[in-house]
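Just below is one structure, and these are the notes that go with it.
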Amino acid sequence: MLTVSTVPERVPWWRAVAAVTAGALPCLAFPAPALWWFAYVALVPWILLLRSAPTGRRAALEGWLGGAGFVFAVHHWLLPSLHVFLFALAALLGLLWIPWALLVRELLGGAPGPGRAGAALVLVPAGWLLSELARSWQGLGGPWGLLGASQWQVAPALRLASVGGVWLVGLLVVAVNCVLVLLITSPGARAAALAGVTGCAVLTGVVWLWAPRPEVSGVLRVALVQPGPVEDGPDSAERRFAAGEQLTGTLAAQRPDLVVWGESSVGEDLTARPDLARRLSALSARVGAPLLVNVDARAADRPGIRKSAVLVGPGGPTGDRYDKMRLVPFGEYVPARELLGWATSVGKAAQENRVPGGAPVLMDLPGRADVRLGPLVCFESAFPDMSRRLVRDGAAVLIDQSATSSFQDGWAPAQHASLSALRAAETGRPEVHAALTGISAVHGPSGERIGSALPTSARTARVYEVPLARGTTLYVRHGDWAVGAALAALAAYYTVAGARSVRSGRPLGRPLGTPAGEPAGTPVGDALRTPAPEPSAPPARTVRGSAGRRAR
């Protein structure tokens, strides 16, 4: 008699630890470390691990763990506010990397030839983009920490953003990581890998030489007012207002065209507090420029709390007002509060949901008929579609009013300020990032830094000569075409692969071209270079005995 028993899959514990660590590595490419060059190699350890996964299930697990590590590392500055909820959020969002992990194992596992290597250079970046798109939904936290955003200070990358947005930059970064993996692991695919990196270089060069550049058409003198941190207390809003008022008064001799205050710079509704409105209008008259302030208060004539950009001139509020449309999950509202309201007891989640605005707004700048302002509030500068919409509608300057005082000593201020460079490059319009407590910065229409940024330690008001531009970038004209192309490539691949799988009986997710009988185990030293294929049936062992010998 022959007795068969199943041996459970045994995978070294270090693989789980390695997955979390490898997924977290790309965070070093973002501010504050800002090691932009590291983005081009940061995914290599994670990809090597995934391609060596012994089973598709293991690849999915390591994709999830790596995704969770990435989300936690890039957003670790949220820990003081979200506490344990950040771990749950990272675990939830980490699931979005499972399809990418399976795609890596499918296309880069085994010994890919030139054809499969070429497909990997297109499809693995497209799979990463799919994960980024899914988590870019506002309810999941929005497009914060996109891999392409790590290149905010690299001029050629900003030129790529003007053609295909931050998405095109991210696709190129992931493709370079795939090239390095192929060069390390697959001698038979090195020609395809070299062709791929050459293609990336040629694309960047062509865009640098031929993509339309913004044409400078004038200058706008914009003053940023950064009052710095104000100690919490019952009168903190009044003290913050007074600090902004005092700093703005120092600008009278510099004659700016516009003065911008940060997010939540006014803590009372101007209709309910006419004395504040009078102080602002008097300040505008003294400086000789309108003030763009941000009111964070319960409206006197409407229910609920709103965050609103309000333009105030010498005669008082001009009537131009923009209510923030996309609110920060948990920070400004709790999604499904009936279900997740407990988050308010373990972190600094919003005790009351703020009310979102209904539509974008363009503001005419008094005294400058050629300038219309496109206001955004804080978190909204992370969304490429919002700035693109404003520029298509006629905005000459994008203005983001921000506050990151809750994360003053972390990476958040630098990460947030860097997004303005990308939005400026994508749209061909300058973007002003006015932060209540820093970092405040101005970027020109090509994404270049204008003047020096105001650090979190600064309490000052400064005037910037902001270059205006005319013309239209390809991204403003054609939008997220790079996203459409990536999704189309994935759809075509899975359609063809599904048809072949039905005909051949080979399950999707198994590395192509691997012999079915190849052993499942690999030594630890070789595990990252040569993946073992997924066995077609569970391994078995024969229990030998006299009955077994007779059966044999």
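Along the sequence shown, residues carry numbers from 1.
Between F70 atom CZ and L96 atom CG the span is 11.5 Å, to the nearest 0.5 Å. Note that CG of L168 is 12.5 Å distant from CZ of R159, once rounded to the nearest 0.5 Å. Rounding to the nearest 0.5 Å places CZ of R423 at 12.0 Å from CG of L390. The CG atom of L147 lies 6.0 Å from the CD atom of E132; values are rounded to the nearest 0.5 Å. With rounding to the nearest 0.5 Å, the separation of CG in N177 from CG in L121 is 11.0 Å. If you take CG on L108 and CG on L103, they are separated by 8.0 Å, rounding to the nearest 0.5 Å.
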task: Go through the steps for R392 and D385 under the test salt bridge (Lys or Arg N to Asp or Glu O under 4.0 Å), then give the verdict.
output: CA-CA 10 Å; R392 285 175 66 89; D385 65 298; over 6 Å; no
task: Decide side-chain contact (heavy atoms from CB on, under 4.5 Å) for V397 and R429; before the verdict, give the C-alpha distance in whole Å, the side-chain angles of both, and the deciding distance to 0.1 Å.
output: CA-CA 6 Å; V397 180; R429 297 293 182 269; over 6 Å; no
message: side-chain contact (heavy atoms from CB on, under 4.5 Å), that's the test. Do K324 and L327 meet it? Break it down for me.
response: CA-CA 7 Å; K324 184 177 184 180; L327 304 176; 4.0 Å; yes
- request: Would you check, one step at a time, whether the test side-chain contact (heavy atoms from CB on, under 4.5 Å) holds for I184 with V44?
  value: CA-CA 10 Å; I184 293 170; V44 170; 4.1 Å; yes
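Ring to ring, W152 and W36 are not that close: their centroids are 6.0 angstrom or more apart. In this structure, W411 has its ring center no closer than 6.0 Å to that of W144. Ring centroids of W481 and W167 are separated by 6.0 Å or more, keeping the two rings apart.
Summarising the geometry of G428 relative to A469, their closest heavy-atom pair is O-CB, 3.6 Å, with the distance given to 0.1 Å. Between K307 and N294 the shortest heavy-atom distance is CB-OD1, 4.4 Å. Residue A19 comes nearest to L65 through the heavy atom pair CB-CB, 4.0 Å, listed as atom of the first residue, atom of the second, then distance. Across all non-hydrogen atoms, the minimal contact from T204 to P156 is CG2-CB, 3.8 Å. Nearest heavy-atom pair, G109 versus R116, reported as atom, atom and distance to 0.1 Å: O-NH1, 2.8 Å. Looking at every heavy atom in both residues, R449 comes nearest to A441 through NE-CB, 4.3 Å.
Classification of R389 and D393 as a salt-bridged pair holds, one side-chain N sitting under 4.0 Å from a carboxylate O. Under a 4.0 Å N-O distance rule, the pair R354/E332 does not qualify as a salt bridge. With respect to E426 and R388, no salt bridge is recorded, no charged nitrogen being found less than 4.0 Å from a carboxylate O.
Counting heavy atoms from C-beta outward, Y475 and V391 have side chains that stay 4.5 Å or more apart.
Of the N and O atoms on the side chains of Y322 and Q401, not one donor lies less than 3.5 Å from an acceptor on the other residue. Between the side chains of T437 and Q408, at least one donor N or O lies within less than 3.5 Å of an accepting N or O. A donor-acceptor pair shorter than 3.5 Å can be found between the side chains of R15 and S52. In this structure, a donor-acceptor pair under 3.5 Å is absent between the side chains of S381 and H433.
A cation-pi arrangement is found for R326 relative to F383, the charged atom lying closer than 6.0 Å to the ring centre and inside a 45° cone about the ring normal.
Remark: W208 CH2 is packed, more than 12 non-hydrogen atoms of other residues, nucleotides or ligands lying under 6.0 Å away.
Between W46 and W128, the ring planes are perpendicular. Angles over 60° get that label, and only those under 30° would be called parallel.
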